[in-house]
There are 2 protein chains.
Amino acid sequence: MRISELSEQSGVSIPTIKFYLREGLLAPGVLVTKTQSAYDETHLRRLRLVRALRDVAGLPIASIADVMAAVDSEAVSLLDLLGVTQVAVSGVSGDTSARGLRLAEEFIAELGWRVATESPLMRSLGRLLEELADRGIPITVAALGPWASAAHSVAAVEVAGITADMPRDQAAEIVAMGTPLFGELLSQLRLAAQESESRRRFGQ
Amino acid sequence: MRISELSEQSGVSIPTIKFYLREGLLAPGVLVTKTQSAYDETHLRRLRLVRALRDVAGLPIASIADVMAAVDSEAVSLLDLLGVTQVAVSGVSGDTSARGLRLAEEFIAELGWRVATESPLMRSLGRLLEELADRGIPITVAALGPWASAAHSVAAVEVAGITADMPRDQAAEIVAMGTPLFGELLSQLRLAAQESESRRRFGQ
DNA sequence: GCCATTGGATAGTGGTGCTATCTTATCAGC
DNA sequence: GCTGATAAGATAGCACCACTATCCAATGGC
(Lines give C-alpha, C1' and ligand atoms only; values in the text may rest on other atoms or scores of the structure.)
Protein backbone atom coordinates (compact mmCIF):
# COMPACT_ATOMS: atom_id res chain seq x y z
CA MET A 1 0.00 0.00 0.00
CA ARG A 2 1.10 3.55 -0.67
CA ILE A 3 1.54 6.25 1.95
CA SER A 4 -1.79 7.87 1.06
CA GLU A 5 -3.58 4.60 1.70
CA LEU A 6 -1.69 4.05 4.95
CA SER A 7 -2.76 7.53 5.98
CA GLU A 8 -6.40 6.84 5.18
CA GLN A 9 -6.51 3.48 6.92
CA SER A 10 -4.80 4.74 10.07
CA GLY A 11 -6.33 8.18 10.26
CA VAL A 12 -2.87 9.69 10.61
CA SER A 13 -1.98 12.49 8.19
CA ILE A 14 0.79 12.01 5.64
CA PRO A 15 3.03 14.73 7.12
CA THR A 16 2.68 13.08 10.53
CA ILE A 17 3.56 9.68 9.08
CA LYS A 18 6.62 11.24 7.49
CA PHE A 19 7.48 12.77 10.84
CA TYR A 20 7.20 9.36 12.54
CA LEU A 21 9.43 7.86 9.85
CA ARG A 22 12.05 10.52 10.56
CA GLU A 23 11.81 9.92 14.29
CA GLY A 24 12.23 6.19 13.87
CA LEU A 25 8.82 5.27 15.27
CA LEU A 26 7.89 3.60 12.03
CA ALA A 27 10.12 1.51 9.76
CA PRO A 28 10.44 2.82 6.18
CA GLY A 29 8.44 0.98 3.56
CA VAL A 30 10.09 -1.04 0.82
CA LEU A 31 11.37 1.43 -1.77
CA VAL A 32 9.78 0.24 -5.00
CA THR A 33 11.02 3.10 -7.14
CA LYS A 34 12.92 6.21 -6.24
CA THR A 35 9.66 7.94 -5.40
CA GLN A 36 7.47 5.20 -4.07
CA SER A 37 7.55 2.85 -1.10
CA ALA A 38 5.28 -0.04 -0.27
CA TYR A 39 3.76 -0.27 3.21
CA ASP A 40 1.92 -3.23 4.66
CA GLU A 41 -0.19 -4.43 7.58
CA THR A 42 2.74 -4.27 9.99
CA HIS A 43 3.08 -0.55 9.31
CA LEU A 44 -0.60 -0.08 9.94
CA ARG A 45 -0.44 -1.99 13.22
CA ARG A 46 2.61 -0.08 14.31
CA LEU A 47 0.99 3.22 13.50
CA ARG A 48 -2.05 2.32 15.57
CA LEU A 49 0.18 1.24 18.43
CA VAL A 50 2.08 4.51 18.31
CA ARG A 51 -1.14 6.52 18.33
CA ALA A 52 -2.51 4.51 21.26
CA LEU A 53 0.67 5.12 23.24
CA ARG A 54 0.51 8.83 22.43
CA ASP A 55 -3.19 9.54 22.73
CA VAL A 56 -4.13 7.18 25.52
CA ALA A 57 -1.00 6.81 27.59
CA GLY A 58 0.39 10.25 26.72
CA LEU A 59 3.95 9.05 26.16
CA PRO A 60 6.36 11.50 24.50
CA ILE A 61 7.61 10.65 21.01
CA ALA A 62 11.16 10.04 22.21
CA SER A 63 9.98 7.47 24.77
CA ILE A 64 7.83 5.72 22.19
CA ALA A 65 10.87 5.56 19.92
CA ASP A 66 12.86 3.88 22.70
CA VAL A 67 10.14 1.31 23.27
CA MET A 68 9.71 0.62 19.56
CA ALA A 69 13.44 0.10 19.14
CA ALA A 70 13.34 -2.45 21.95
CA VAL A 71 10.30 -4.17 20.46
CA ASP A 72 12.05 -4.47 17.11
CA SER A 73 15.36 -5.69 18.43
CA GLU A 74 15.47 -9.46 18.73
CA ALA A 75 18.47 -9.02 21.00
CA VAL A 76 16.32 -7.44 23.71
CA SER A 77 14.78 -9.97 26.09
CA LEU A 78 11.19 -9.61 27.20
CA LEU A 79 12.39 -8.73 30.68
CA ASP A 80 14.53 -5.94 29.28
CA LEU A 81 11.70 -4.75 27.08
CA LEU A 82 9.54 -4.54 30.15
CA GLY A 83 12.24 -2.42 31.76
CA VAL A 84 12.44 -0.07 28.80
CA THR A 85 8.66 0.26 28.74
CA GLN A 86 8.50 0.93 32.45
CA VAL A 87 11.08 3.69 32.14
CA ALA A 88 8.97 5.23 29.38
CA VAL A 89 5.81 5.03 31.46
CA SER A 90 7.22 6.21 34.75
CA GLY A 91 9.14 8.99 33.04
CA VAL A 92 12.07 8.60 35.38
CA SER A 93 14.50 11.49 35.12
CA GLY A 94 16.92 13.33 37.30
CA ASP A 95 18.34 11.78 40.39
CA THR A 96 16.91 10.30 43.52
CA SER A 97 18.39 11.02 46.92
CA ALA A 98 20.04 8.22 48.84
CA ARG A 99 17.29 8.60 51.39
CA GLY A 100 14.56 8.05 48.81
CA LEU A 101 16.36 5.06 47.37
CA ARG A 102 16.71 3.54 50.82
CA LEU A 103 13.01 4.10 51.48
CA ALA A 104 12.13 2.31 48.26
CA GLU A 105 14.43 -0.60 49.02
CA GLU A 106 13.06 -1.10 52.51
CA PHE A 107 9.63 -1.03 51.04
CA ILE A 108 10.18 -3.61 48.35
CA ALA A 109 12.10 -5.82 50.75
CA GLU A 110 9.32 -5.71 53.32
CA LEU A 111 6.81 -6.66 50.66
CA GLY A 112 8.99 -9.59 49.72
CA TRP A 113 9.20 -8.47 46.11
CA ARG A 114 12.19 -8.99 43.88
CA VAL A 115 13.21 -5.78 42.19
CA ALA A 116 16.81 -5.01 41.28
CA THR A 117 18.24 -2.19 43.40
CA GLU A 118 19.73 -0.52 40.35
CA SER A 119 16.43 -0.63 38.47
CA PRO A 120 15.23 2.82 37.32
CA LEU A 121 11.97 1.87 38.95
CA MET A 122 13.56 2.02 42.38
CA ARG A 123 14.68 5.55 41.65
CA SER A 124 11.28 6.78 40.62
CA LEU A 125 9.60 4.94 43.48
CA GLY A 126 12.16 6.43 45.86
CA ARG A 127 11.55 9.91 44.54
CA LEU A 128 7.83 9.48 44.99
CA LEU A 129 8.02 8.06 48.51
CA GLU A 130 10.29 10.90 49.50
CA GLU A 131 7.99 13.51 48.06
CA LEU A 132 5.07 12.01 49.95
CA ALA A 133 7.10 11.85 53.15
CA ASP A 134 8.06 15.51 52.71
CA ARG A 135 4.40 16.40 52.36
CA GLY A 136 3.72 14.78 55.73
CA ILE A 137 1.89 11.77 54.41
CA PRO A 138 2.57 8.70 56.53
CA ILE A 139 3.98 6.02 54.27
CA THR A 140 4.41 2.64 55.85
CA VAL A 141 4.18 -0.80 54.38
CA ALA A 142 1.36 -1.54 56.79
CA ALA A 143 -0.67 1.43 55.56
CA LEU A 144 0.02 0.57 51.95
CA GLY A 145 -0.86 -3.08 52.33
CA PRO A 146 -4.06 -2.84 50.26
CA TRP A 147 -2.26 -0.86 47.54
CA ALA A 148 0.57 -3.33 47.40
CA SER A 149 -1.55 -6.46 47.30
CA ALA A 150 -3.83 -4.87 44.74
CA ALA A 151 -0.83 -3.96 42.58
CA HIS A 152 0.54 -7.44 42.99
CA SER A 153 -2.59 -9.30 42.02
CA VAL A 154 -2.96 -7.08 38.96
CA ALA A 155 0.65 -7.62 37.97
CA ALA A 156 0.33 -11.38 38.39
CA VAL A 157 -2.63 -11.43 36.02
CA GLU A 158 -0.73 -9.35 33.49
CA VAL A 159 2.40 -11.41 33.57
CA ALA A 160 0.34 -14.59 33.31
CA GLY A 161 -0.96 -13.24 29.99
CA ILE A 162 2.48 -13.70 28.51
CA THR A 163 3.55 -17.24 27.91
CA ALA A 164 7.02 -18.30 26.93
CA ASP A 165 5.76 -20.23 23.91
CA MET A 166 4.21 -17.31 22.07
CA PRO A 167 6.18 -15.63 19.24
CA ARG A 168 8.53 -12.97 20.54
CA ASP A 169 7.15 -10.11 18.47
CA GLN A 170 3.64 -10.85 19.64
CA ALA A 171 4.70 -11.00 23.28
CA ALA A 172 6.77 -7.85 22.78
CA GLU A 173 3.81 -5.95 21.43
CA ILE A 174 1.64 -7.07 24.34
CA VAL A 175 4.22 -5.87 26.82
CA ALA A 176 4.78 -2.55 25.03
CA MET A 177 1.10 -1.91 24.69
CA GLY A 178 -0.22 -3.48 27.87
CA THR A 179 2.08 -1.80 30.32
CA PRO A 180 0.99 1.79 29.58
CA LEU A 181 -2.57 1.04 28.50
CA PHE A 182 -3.47 -1.21 31.43
CA GLY A 183 -1.83 1.37 33.64
CA GLU A 184 -4.33 3.90 32.38
CA LEU A 185 -7.14 1.45 32.84
CA LEU A 186 -6.20 0.70 36.42
CA SER A 187 -5.94 4.39 37.16
CA GLN A 188 -9.34 5.07 35.61
CA LEU A 189 -10.92 2.24 37.54
CA ARG A 190 -9.46 3.62 40.73
CA LEU A 191 -11.01 7.02 40.03
CA ALA A 192 -14.35 5.42 39.27
CA ALA A 193 -14.21 3.38 42.47
CA GLN A 194 -13.23 6.52 44.34
CA GLU A 195 -16.23 8.39 43.06
CA SER A 196 -18.49 5.44 43.77
CA GLU A 197 -17.24 5.17 47.35
CA SER A 198 -17.44 8.92 47.94
CA ARG A 199 -20.97 8.98 46.65
CA ARG A 200 -21.90 6.16 48.98
CA ARG A 201 -20.42 8.06 51.94
CA PHE A 202 -21.01 11.73 51.30
CA GLY A 203 -23.42 11.72 48.38
CA GLN A 204 -26.97 12.96 48.40
CA MET B 1 7.89 36.87 54.81
CA ARG B 2 9.06 38.52 51.63
CA ILE B 3 9.07 36.93 48.20
CA SER B 4 12.80 36.25 48.36
CA GLU B 5 12.34 34.31 51.57
CA LEU B 6 9.37 32.42 50.12
CA SER B 7 11.56 31.55 47.16
CA GLU B 8 14.39 30.28 49.39
CA GLN B 9 12.13 28.22 51.64
CA SER B 10 10.26 26.62 48.77
CA GLY B 11 13.11 26.23 46.33
CA VAL B 12 11.02 27.90 43.64
CA SER B 13 12.61 30.85 41.82
CA ILE B 14 11.15 34.33 42.18
CA PRO B 15 10.19 34.64 38.49
CA THR B 16 8.39 31.31 38.74
CA ILE B 17 6.54 32.44 41.85
CA LYS B 18 5.49 35.58 40.00
CA PHE B 19 4.34 33.40 37.14
CA TYR B 20 2.24 31.27 39.49
CA LEU B 21 0.74 34.43 40.97
CA ARG B 22 -0.26 35.56 37.49
CA GLU B 23 -1.76 32.17 36.69
CA GLY B 24 -3.79 32.15 39.88
CA LEU B 25 -2.08 29.11 41.38
CA LEU B 26 -1.00 31.14 44.36
CA ALA B 27 -2.96 33.85 46.16
CA PRO B 28 -1.22 37.28 46.26
CA GLY B 29 0.41 38.21 49.55
CA VAL B 30 -0.87 41.07 51.68
CA LEU B 31 0.31 44.28 50.05
CA VAL B 32 2.22 46.05 52.82
CA THR B 33 3.51 48.89 50.69
CA LYS B 34 3.25 49.55 47.00
CA THR B 35 6.34 47.43 46.39
CA GLN B 36 6.16 44.83 49.09
CA SER B 37 3.79 42.02 49.98
CA ALA B 38 3.82 39.72 52.97
CA TYR B 39 3.58 35.97 52.45
CA ASP B 40 3.01 33.35 55.13
CA GLU B 41 2.98 29.63 55.82
CA THR B 42 -0.12 29.06 53.73
CA HIS B 43 1.71 30.39 50.68
CA LEU B 44 4.61 28.08 51.39
CA ARG B 45 2.30 25.09 51.75
CA ARG B 46 0.47 25.98 48.59
CA LEU B 47 3.69 26.38 46.67
CA ARG B 48 4.87 22.95 47.77
CA LEU B 49 1.52 21.46 46.81
CA VAL B 50 1.72 23.05 43.36
CA ARG B 51 5.23 21.73 42.84
CA ALA B 52 4.23 18.23 43.95
CA LEU B 53 1.32 18.25 41.52
CA ARG B 54 3.58 19.43 38.71
CA ASP B 55 6.74 17.44 39.37
CA VAL B 56 5.28 14.22 40.69
CA ALA B 57 1.87 13.97 39.08
CA GLY B 58 2.80 15.96 35.95
CA LEU B 59 -0.39 18.01 35.88
CA PRO B 60 -0.46 21.00 33.53
CA ILE B 61 -0.56 24.47 35.08
CA ALA B 62 -4.10 25.13 33.88
CA SER B 63 -5.41 21.96 35.56
CA ILE B 64 -3.64 22.80 38.79
CA ALA B 65 -5.27 26.23 38.67
CA ASP B 66 -8.69 24.58 38.35
CA VAL B 67 -8.05 22.33 41.31
CA MET B 68 -6.68 25.16 43.45
CA ALA B 69 -9.71 27.31 42.68
CA ALA B 70 -11.95 24.45 43.84
CA VAL B 71 -9.86 23.93 46.98
CA ASP B 72 -10.15 27.60 47.85
CA SER B 73 -13.85 27.93 47.18
CA GLU B 74 -15.93 27.12 50.26
CA ALA B 75 -18.91 26.77 47.94
CA VAL B 76 -17.42 23.63 46.37
CA SER B 77 -18.36 20.43 48.19
CA LEU B 78 -15.76 17.75 48.78
CA LEU B 79 -17.54 15.53 46.27
CA ASP B 80 -17.32 18.25 43.64
CA LEU B 81 -13.70 18.89 44.51
CA LEU B 82 -13.01 15.22 43.94
CA GLY B 83 -14.68 15.55 40.56
CA VAL B 84 -12.57 18.55 39.59
CA THR B 85 -9.42 16.77 40.72
CA GLN B 86 -10.31 13.62 38.80
CA VAL B 87 -10.86 15.63 35.64
CA ALA B 88 -7.41 17.17 36.12
CA VAL B 89 -5.79 13.78 36.68
CA SER B 90 -7.51 11.89 33.91
CA GLY B 91 -7.00 14.76 31.50
CA VAL B 92 -10.36 14.18 29.88
CA SER B 93 -10.71 16.07 26.61
CA GLY B 94 -12.47 15.71 23.33
CA ASP B 95 -15.49 13.54 22.94
CA THR B 96 -16.29 9.94 23.57
CA SER B 97 -18.34 7.93 21.13
CA ALA B 98 -21.73 6.67 22.19
CA ARG B 99 -20.33 3.19 21.89
CA GLY B 100 -17.51 3.92 24.35
CA LEU B 101 -19.89 5.56 26.77
CA ARG B 102 -22.19 2.57 26.64
CA LEU B 103 -19.27 0.24 27.26
CA ALA B 104 -18.29 2.24 30.33
CA GLU B 105 -21.82 2.26 31.67
CA GLU B 106 -22.28 -1.46 31.28
CA PHE B 107 -19.03 -1.92 33.03
CA ILE B 108 -19.74 0.21 36.04
CA ALA B 109 -23.23 -1.21 36.33
CA GLU B 110 -21.95 -4.77 36.26
CA LEU B 111 -19.47 -3.94 38.99
CA GLY B 112 -22.28 -2.53 41.08
CA TRP B 113 -20.58 0.84 41.40
CA ARG B 114 -22.36 4.15 41.59
CA VAL B 115 -20.95 6.62 39.12
CA ALA B 116 -23.04 9.32 37.49
CA THR B 117 -23.54 8.69 33.76
CA GLU B 118 -22.75 12.29 32.95
CA SER B 119 -19.53 12.22 34.95
CA PRO B 120 -16.44 13.17 32.89
CA LEU B 121 -14.95 9.99 34.27
CA MET B 122 -17.38 7.90 32.28
CA ARG B 123 -16.24 9.66 29.14
CA SER B 124 -12.57 9.03 29.72
CA LEU B 125 -13.22 5.45 30.81
CA GLY B 126 -15.35 4.96 27.72
CA ARG B 127 -12.65 6.35 25.47
CA LEU B 128 -10.11 4.03 27.02
CA LEU B 129 -12.26 0.92 26.82
CA GLU B 130 -12.99 1.68 23.21
CA GLU B 131 -9.34 2.18 22.38
CA LEU B 132 -8.49 -1.15 23.99
CA ALA B 133 -11.35 -2.86 22.18
CA ASP B 134 -10.11 -1.40 18.88
CA ARG B 135 -6.68 -2.79 19.60
CA GLY B 136 -8.19 -6.24 19.92
CA ILE B 137 -7.78 -6.57 23.66
CA PRO B 138 -10.63 -8.54 25.19
CA ILE B 139 -12.23 -6.35 27.82
CA THR B 140 -14.86 -8.02 29.92
CA VAL B 141 -15.87 -7.44 33.49
CA ALA B 142 -14.86 -11.00 34.24
CA ALA B 143 -11.35 -10.43 32.90
CA LEU B 144 -11.04 -7.17 34.77
CA GLY B 145 -12.25 -8.60 38.06
CA PRO B 146 -8.86 -8.39 39.76
CA TRP B 147 -8.31 -4.85 38.48
CA ALA B 148 -11.71 -3.72 39.63
CA SER B 149 -11.57 -5.23 43.09
CA ALA B 150 -8.03 -3.91 43.53
CA ALA B 151 -9.15 -0.44 42.52
CA HIS B 152 -12.11 -0.67 44.81
CA SER B 153 -10.20 -1.73 47.90
CA VAL B 154 -7.70 1.05 47.30
CA ALA B 155 -10.44 3.62 46.85
CA ALA B 156 -12.21 2.47 50.00
CA VAL B 157 -9.04 3.02 52.02
CA GLU B 158 -8.58 6.45 50.52
CA VAL B 159 -12.09 7.62 51.10
CA ALA B 160 -11.95 6.30 54.66
CA GLY B 161 -9.07 8.71 55.25
CA ILE B 162 -11.45 11.60 54.93
CA THR B 163 -13.87 12.08 57.78
CA ALA B 164 -16.77 14.48 57.73
CA ASP B 165 -15.68 16.13 60.97
CA MET B 166 -12.29 17.36 59.78
CA PRO B 167 -11.92 21.02 58.72
CA ARG B 168 -12.91 21.52 55.10
CA ASP B 169 -9.64 23.09 53.97
CA GLN B 170 -7.70 20.20 55.43
CA ALA B 171 -9.93 17.61 53.80
CA ALA B 172 -9.79 19.57 50.55
CA GLU B 173 -6.03 19.55 50.51
CA ILE B 174 -5.93 15.82 51.18
CA VAL B 175 -8.28 15.20 48.26
CA ALA B 176 -6.41 17.53 45.91
CA MET B 177 -3.06 16.08 46.85
CA GLY B 178 -3.99 12.48 47.47
CA THR B 179 -5.86 11.81 44.26
CA PRO B 180 -2.95 12.48 41.88
CA LEU B 181 -0.13 11.48 44.23
CA PHE B 182 -1.61 8.19 45.37
CA GLY B 183 -2.42 7.54 41.74
CA GLU B 184 1.27 7.79 40.97
CA LEU B 185 2.08 5.58 43.91
CA LEU B 186 -0.34 2.90 42.85
CA SER B 187 1.02 3.01 39.33
CA GLN B 188 4.61 2.72 40.59
CA LEU B 189 3.72 -0.17 42.84
CA ARG B 190 2.11 -1.92 39.91
CA LEU B 191 5.28 -1.54 37.86
CA ALA B 192 7.37 -2.83 40.73
CA ALA B 193 5.08 -5.80 41.21
CA GLN B 194 5.22 -6.40 37.47
CA GLU B 195 8.97 -6.51 37.47
CA SER B 196 9.00 -8.72 40.55
CA GLU B 197 6.59 -11.17 38.97
CA SER B 198 8.40 -11.17 35.63
CA ARG B 199 11.68 -11.80 37.35
CA ARG B 200 10.14 -14.73 39.19
CA ARG B 201 8.87 -16.18 35.93
CA PHE B 202 11.39 -15.32 33.28
CA GLY B 203 14.33 -14.03 35.24
CA GLN B 204 17.69 -15.61 35.59
C1' DG C 1 2.60 14.27 -22.65
C1' DC C 2 0.86 15.75 -18.42
C1' DC C 3 -0.33 16.21 -13.83
C1' DA C 4 -1.22 14.20 -9.32
C1' DT C 5 1.60 11.68 -6.05
C1' DT C 6 5.81 10.31 -3.70
C1' DG C 7 10.22 10.45 -1.02
C1' DG C 8 13.20 13.36 1.07
C1' DA C 9 14.67 17.65 3.07
C1' DT C 10 14.06 22.01 5.49
C1' DA C 11 11.51 25.52 7.63
C1' DG C 12 7.64 27.19 10.25
C1' DT C 13 3.75 26.96 13.90
C1' DG C 14 1.10 26.75 18.18
C1' DG C 15 1.01 25.52 22.88
C1' DT C 16 3.26 25.19 27.40
C1' DG C 17 6.12 26.46 31.19
C1' DC C 18 8.87 29.15 32.45
C1' DT C 19 12.80 33.15 32.29
C1' DA C 20 14.58 37.90 31.38
C1' DT C 21 14.11 42.60 31.25
C1' DC C 22 12.25 46.95 32.35
C1' DT C 23 9.90 50.47 35.17
C1' DT C 24 8.66 52.46 39.21
C1' DA C 25 8.54 52.45 44.03
C1' DT C 26 10.30 51.56 48.48
C1' DC C 27 13.39 49.89 52.13
C1' DA C 28 17.67 49.58 54.91
C1' DG C 29 22.11 51.06 56.08
C1' DC C 30 25.12 54.73 56.34
C1' DG D 1 19.06 62.70 52.92
C1' DC D 2 21.72 59.63 49.87
C1' DT D 3 22.55 55.12 47.81
C1' DG D 4 22.32 50.46 46.53
C1' DA D 5 19.57 46.37 47.03
C1' DT D 6 14.92 44.62 46.64
C1' DA D 7 10.02 44.55 45.43
C1' DA D 8 5.69 44.63 42.53
C1' DG D 9 3.82 44.60 38.20
C1' DA D 10 3.96 44.36 33.23
C1' DT D 11 5.75 42.81 28.83
C1' DA D 12 8.72 40.25 25.95
C1' DG D 13 11.47 36.37 24.98
C1' DC D 14 12.99 31.45 25.04
C1' DA D 15 13.31 26.34 24.82
C1' DC D 16 11.03 22.29 23.97
C1' DC D 17 7.66 19.43 21.80
C1' DA D 18 4.67 17.56 18.36
C1' DC D 19 3.48 18.35 14.60
C1' DT D 20 2.46 20.99 9.85
C1' DA D 21 3.71 23.36 5.56
C1' DT D 22 6.48 24.06 1.70
C1' DC D 23 9.57 22.83 -1.73
C1' DC D 24 11.97 19.84 -4.98
C1' DA D 25 13.22 16.33 -8.13
C1' DA D 26 11.50 12.05 -9.70
C1' DT D 27 8.14 9.00 -11.03
C1' DG D 28 3.26 6.64 -12.15
C1' DG D 29 -0.58 6.16 -14.44
C1' DC D 30 -3.88 7.78 -17.60
Side-chain angles (χ1 to χ4, degrees), chain A residues 1-40 43-44 46-68 88 91 93-94 180, chain B residues 1-40 43-44 46-68 88 91 93-94 180:
Chain A
M1 99 181 70
R2 289 177 300 173
I3 197 172
S4 56
E5 200 176 341
L6 184 62
S7 169
E8 276 167 35
Q9 300 258 340
S10 64
V12 178
S13 75
I14 292 177
T16 300
I17 292 176
K18 286 185 175 184
F19 170 68
Y20 288 167
L21 286 168
R22 285 199 298 280
E23 296 296 315
L25 270 64
L26 191 64
V30 179
L31 204 60
V32 177
T33 74
K34 216 170 185 178
T35 65
Q36 199 167 105
S37 295
Y39 302 91
D40 59 20
H43 291 92
L44 191 52
R46 170 58 57 93
L47 212 39
R48 284 207 249 260
L49 173 56
V50 167
R51 291 311 303 181
L53 260 32
R54 262 245 29 86
D55 295 344
V56 181
L59 298 191
I61 295 296
S63 302
I64 297 177
D66 291 344
V67 174
M68 293 304 116
S93 64
Chain B
M1 86 179 84
R2 290 178 301 174
I3 197 172
S4 57
E5 201 175 339
L6 184 63
S7 169
E8 276 167 35
Q9 301 257 339
S10 64
V12 179
S13 75
I14 292 178
T16 301
I17 292 176
K18 287 186 175 185
F19 171 69
Y20 288 166
L21 286 168
R22 284 200 297 283
E23 297 296 315
L25 271 62
L26 190 64
V30 178
L31 205 61
V32 178
T33 74
K34 217 170 184 179
T35 64
Q36 201 166 103
S37 295
Y39 302 92
D40 59 20
H43 291 92
L44 191 52
R46 170 57 57 94
L47 211 38
R48 284 207 249 259
L49 174 55
V50 168
R51 292 311 304 182
L53 260 32
R54 261 235 42 78
D55 295 344
V56 181
L59 299 191
I61 295 294
S63 301
I64 298 178
D66 291 344
V67 174
M68 292 305 115
S93 63

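Just so it is clear: chains get the letters A, B, ... in the order the sequence lines come, proteins before strands, and each one is counted from 1.
- One axis for each end of the helix from C:dG1-D:dC30 to C:dC30-D:dG1, each built from five base pairs, and the angle between them comes to 10° at 10° resolution.
- Look at CD on B:Glu5: it is 14 Å from C1' on D:dA7, rounded to the nearest Å.
- OP1 or OP2 of C:dG7 sits under 4.0 Å from a side-chain N or O of A:Tyr39.
- When all heavy atoms of A:Glu23 and A:Ala65 are compared, the closest pair comes out as O-CB, 4.0 Å.
- The side-chain contact (heavy atoms from CB on, under 4.5 Å) test with B:Val50 singles out one residue from B:Val67, B:Thr16, B:Leu59, B:Ile64, and that residue is B:Ile64.
- One atom, CG of A:Leu21, and another, C1' of D:dA18, lie 15 Å apart when rounded to the nearest Å.
- The phosphate of C:dG7 has OP1 or OP2 within less than 4.0 Å of a side-chain N or O from A:Ser37.
- Rounded to whole angstrom, the span from the CD1 atom of A:Ile14 across to the C1' atom of D:dC23 amounts to 16 Å.
- Atom CG in A:Leu6 sits about 13 Å away from atom C1' in C:dT6, given to the nearest Å.
- Considering B:Leu44, B:Leu6, B:Leu47, B:Leu26 as possible partners of B:Val12, the one that fulfils the side-chain contact (heavy atoms from CB on, under 4.5 Å) test is B:Leu47.
- Distance B:Ile17 CD1 to C:dG17 C1': 15 Å, rounded to the nearest Å.
- Residue A:Ala27 comes nearest to A:Leu21 through the heavy atom pair O-CD2, 3.6 Å, listed as atom of the first residue, atom of the second, then distance.
- Partners of A:Ser4 by side chain to side chain donor-acceptor pair (under 3.5 Å), not counting sequence neighbours: none found.
- Pairs passing the salt bridge (Lys or Arg N to Asp or Glu O under 4.0 Å) check and including a residue from residues 50-60 of chain A, sequence neighbours excluded, read A:Arg51-A:Asp55.
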Inset, instruction - Let me see the working for A:Met68 and A:Leu49 under side chain to side chain contact (heavy atoms under 4.5 Å, CB included), right down to the final yes or no. - result: CA-CA 10 Å; A:Met68 293 304 116; A:Leu49 173 56; 3.8 Å; yes
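- Residue B:Arg48 holds its CZ atom at 7.0 Å from CD of B:Gln9, rounded to the nearest 0.5 Å.
- Here the side chains of B:Lys18 and B:Ile3 are in contact, with some heavy-atom distance below 4.5 Å.
- Residues B:Ser10 and B:Ile17 approach most closely at OG-CD1, 4.4 Å, considering heavy atoms.
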Is there any protein nitrogen or oxygen under 3.5 Å from a nitrogen or oxygen in nucleotides 1-4 of chain C, and what are the pairs?
none

Inset, instruction - Please test B:Tyr20 against B:Ile61 for side chain to side chain contact (heavy atoms under 4.5 Å, CB included), starting from the C-alpha separation and ending with a verdict. - result: CA-CA 9 Å; B:Tyr20 288 166; B:Ile61 295 294; 3.8 Å; yes
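- Within 4.0 Å (heavy atoms only), A:Pro28 reaches no atom of the nucleic acid at all.
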Contacts under 3.5 Å, N or O only, protein and nucleotides 22-30 of chain C:
residue, atom, partner, partner atom, Å
C:dT26, O4', B:Thr35, OG1, 3.1

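- Put simply, CG on B:Leu25 is 13 Å from C1' on C:dT16, counting in whole angstrom units.
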Got a list of protein N/O to nucleotides 19-21 of chain D N/O distances below 3.5 Å?
residue, atom, partner, partner atom, Å
D:dC19, OP2, A:Tyr20, OH, 3.2
D:dC19, OP2, A:Arg54, NE, 3.2
D:dT20, OP2, A:Thr16, OG1, 3.3
D:dT20, O4, A:Arg22, NH2, 3.1

